[in-house]
Colleague: 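Once you've had a glance at the structure underneath, I'll fire off some questions.
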Amino acid sequence: MSDKVVLLDLENNTPSLALLRNIMQHYPVLYVFNATGKFEFALEDLTEFAAWVSSGQVVILDVVKAEYKEFEYAVLAGQLLALLAEDSHVEIISAMDSSVVLLELLQSSNISAHLIQVQSEQQSAHAAKFTLPSVDKIKKQPQLQLVKQYCDALAKMTGKPNTIEKLKNSLVNVLQIVPEKAQNLVGMLINLKLVKRYDEQINFRKKVLKQWAQLNLAEEQPHSKADDLNAAIAHLKIDKPDTAAPASSTVASTTIQTAQQELFKNFAKIDPVQLEVARRLRELKDQKPKDIYALRDLLEALFPNADIRLLLKELIEKGYIYWNGHEVIYSHEMFLN
């Protein structure tokens with residue numbers, strides 16, 4: 001049984017405090033980030049949010065501005081590698097199309113993850129007129145499965161029904177169902193915006209029909225979509241997922257080391273002082289300073305001519321260390337020889 005955590009991307013996706021409370025009823029820790037480096041809450045909500053941050057219930061991950069999104073997400077993945085238990089499962093909620101890259105980074109780093117993509121605030125303001133049910137919902141509802149089956153057949157037809165009566169007959173013939181059930185399906189097709197009705201005449205909406213026909217119910221979905229944050233939170237499963245235990249600690253360590261090398265191999269060239277800092281800190285093993293000021297003093301003693309503030313900033317941005325407001329957390333790279 002693995003620990004399940006939520007990683008919430010706040011870019012174009014600002015939650016209400018009530019939604020955050022809803023998440024934290026079921027998850028001990030909520031990780032949040034925003035690539036823009038800032039997010040806003042109503043003044044009356046700030047006190048409660050600050051209390052969550054102080055208590056560790058909400059952890060704000062560091063972000064770094066980079067030319068490519070892969071680099072920004074690699075810093076996030078590095079922090080999660082350091083913070084999460086090996087068997088953790090991450091539910092990512094994001095409104096950004098690029099969040100698929102973050103999902104792939106986590107999965108390639110041996111972190112179980114699933115992405116729920118929601119509409120951005122701008123998209124919600126101009127929401128698409130037609131929204132398909134999720135694959136999970138279709139799989140759970142036999143009536144929706146019949147709709148999908150009919151759409152698959154309809155997409156291959158050269159001629160389509162153009163009246164209500166012809167549509168009923170077509171449903172009976174294609175799906176091999178009784179007329180009473182066909183009548184119910186006609187109503188569903190209209191409600192799902194597949195069919196536009198003009199008295200007894202009908203037209204099929206080609207765009208919506210194409211979307212239904214292209215749905216692949218058999219294919220495992222690496223991520224799902226939701227209309228908004230409320231729908232995304234409803235999508236979260238409270239039961240923690242089972243994950244296979246690692247074959248051995250040696251295999252897990254090797255996997256993490258490989259993942260870290262992949263994560264950071266494309267970063268801009270690190271200067272020699274940073275490499276020396278990493279080497280010196282690795283030599284300290286379990287004696288590394290936990291206090292940020294103790295770490296600062298140690299670095300000043302080791303490198304009296306270096307700009308220590310800049311050095312600390314670089315170590316954090318590159319994912320080598322993380323400061324949670326209470327203590328310094330070192331990435332796995334700082335423990336590998």
Side-chain angles (χ1 to χ4, degrees), residues 3 5-8 28-35 37-39 49-66 71-88 90 102 105-106 109-111 249 252-253 256-257 259-264 267-268 270-337:
D3 290 327
V5 301
V6 175
L7 176 61
L8 181 58
V29 182
L30 169 65
Y31 296 92
V32 300
F33 72 94
N34 190 339
K38 62 180 180 179
F39 49 90
F49 184 80
W52 291 337
V53 174
S54 298
S55 66
Q57 288 177 280
V58 172
V59 176
I60 302 174
L61 297 178
D62 292 320
V63 292
V64 56
K65 274 293 181 186
F71 295 170
E72 295 181 9
Y73 288 145
V75 172
L76 293 171
Q79 293 173 73
L80 290 172
L81 276 169
L83 292 169
L84 299 178
E86 288 183 5
D87 62 345
S88 295
V90 181
L102 176 58
L105 269 175
L106 293 179
S109 302
N110 207 35
I111 295 177
S249 59
S253 177
I256 291 171
Q257 182 174 2
Q260 288 281 10
Q261 290 170 347
E262 287 298 312
L263 278 173
F264 293 98
F267 273 97
I270 302 172
D271 67 53
V273 174
Q274 291 176 38
L275 290 174
E276 183 63 12
V277 168
R279 187 183 69 80
R280 293 284 190 95
L281 289 176
R282 277 196 292 267
E283 289 175 353
L284 292 174
K285 298 185 178 179
D286 293 334
Q287 304 303 313
K288 297 178 182 66
K290 294 290 186 182
D291 182 79
I292 189 72
Y293 300 105
L295 176 60
R296 180 199 62 187
D297 293 341
L298 173 65
L299 293 177
E300 285 178 345
L302 292 174
F303 307 96
N305 297 323
D307 184 338
I308 301 304
R309 288 171 60 86
L310 180 60
L311 184 56
L312 282 171
K313 181 174 180 291
E314 290 288 324
L315 291 174
I316 291 172
E317 288 182 347
K318 289 185 168 62
Y320 290 118
I321 65 173
Y322 173 71
W323 168 242
N324 66 5
H326 304 287
E327 63 177 359
V328 178
I329 298 170
Y330 296 85
S331 75
H332 289 80
E333 284 201 343
M334 306 309 291
F335 294 91
L336 299 172
N337 295 321

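Every value quoted in this text rests on a predicted model; they were computed, and no experiment measured them.
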Colleague: Could you state the interatomic distance from CD1 (Ile60) to CG (Leu8), rounded to the nearest 0.5 Å?
Modeller: 11.5 Å
Colleague: Answer whether the closest heavy-atom distance between the side chains of Val63 and Val75 falls below 4.5 Å.
Modeller: no
Colleague: Report the C-alpha separation of Val59 and Val29 in whole Å, then their side-chain angles, then the decisive distance to 0.1 Å, and conclude whether the side-chain contact (heavy atoms from CB on, under 4.5 Å) test is met.
Modeller: CA-CA 7 Å; Val59 176; Val29 182; 3.8 Å; yes
Colleague: About how many Å separate CG of Leu295 and NZ of Lys290, when rounded to the nearest 0.5 Å?
Modeller: 11.0 Å
Colleague: Locate the shortest heavy-atom distance separating Ala74 from Leu105; write the atom from each residue and the value.
Modeller: N-CD1, 3.6 Å
Colleague: Between Glu300 and Ile308 (side chain of the first, backbone of the second, donor and acceptor by atom type, cut-off under 3.5 Å), is there such a pair?
Modeller: no
Colleague: Between Leu80 and Leu61, is the side-chain contact (heavy atoms from CB on, under 4.5 Å) condition met? List the steps.
Modeller: CA-CA 9 Å; Leu80 290 172; Leu61 297 178; 4.1 Å; yes
Colleague: Kindly compute the distance separating CG (Asp297) from CG (Leu302), expressed to the nearest 0.5 Å.
Modeller: 11.0 Å
Colleague: Output the distance between atom CG (Asn110) and atom CG (Asp87), rounded to the nearest 0.5 Å.
Modeller: 11.0 Å
Colleague: Set out, in order, the CA-CA distance, both residues' side-chain angles and the distance that settles side-chain contact (heavy atoms from CB on, under 4.5 Å) for Val90 and Tyr31, then state yes or no.
Modeller: CA-CA 10 Å; Val90 181; Tyr31 296 92; over 6 Å; no
Colleague: For the atom pair CG (Asp62) and CD (Glu72), what is the distance rounded to the nearest 0.5 Å?
Modeller: 13.0 Å
Colleague: Do Asp307 and Arg309 have side chains that approach each other closer than 4.5 Å (heavy atoms only, starting at C-beta)?
Modeller: yes
Colleague: For the residue pair Leu84 and Ser88, what are the closest heavy atoms and their distance?
Modeller: CB-OG, 3.8 Å
Colleague: Is any side-chain heavy atom of Leu106 closer than 4.5 Å to one of Tyr73?
Modeller: no
Colleague: Quick check: do Ile111 and Leu81 have side-chain heavy atoms less than 4.5 Å from each other?
Modeller: yes
Colleague: Assess the residue pair Val328 and Lys288 against the criterion (side-chain contact (heavy atoms from CB on, under 4.5 Å)); give the C-alpha distance rounded to whole Å, side-chain angles, the decisive distance to 0.1 Å, and a yes or no.
Modeller: CA-CA 9 Å; Val328 178; Lys288 297 178 182 66; over 6 Å; no
Colleague: Looking at side-chain heavy atoms only, is the closest gap between Val58 and Phe49 below 4.5 Å?
Modeller: yes
Colleague: Quick one, Trp52 and Val32 - any side-chain contact, counting heavy atoms below 4.5 Å?
Modeller: no
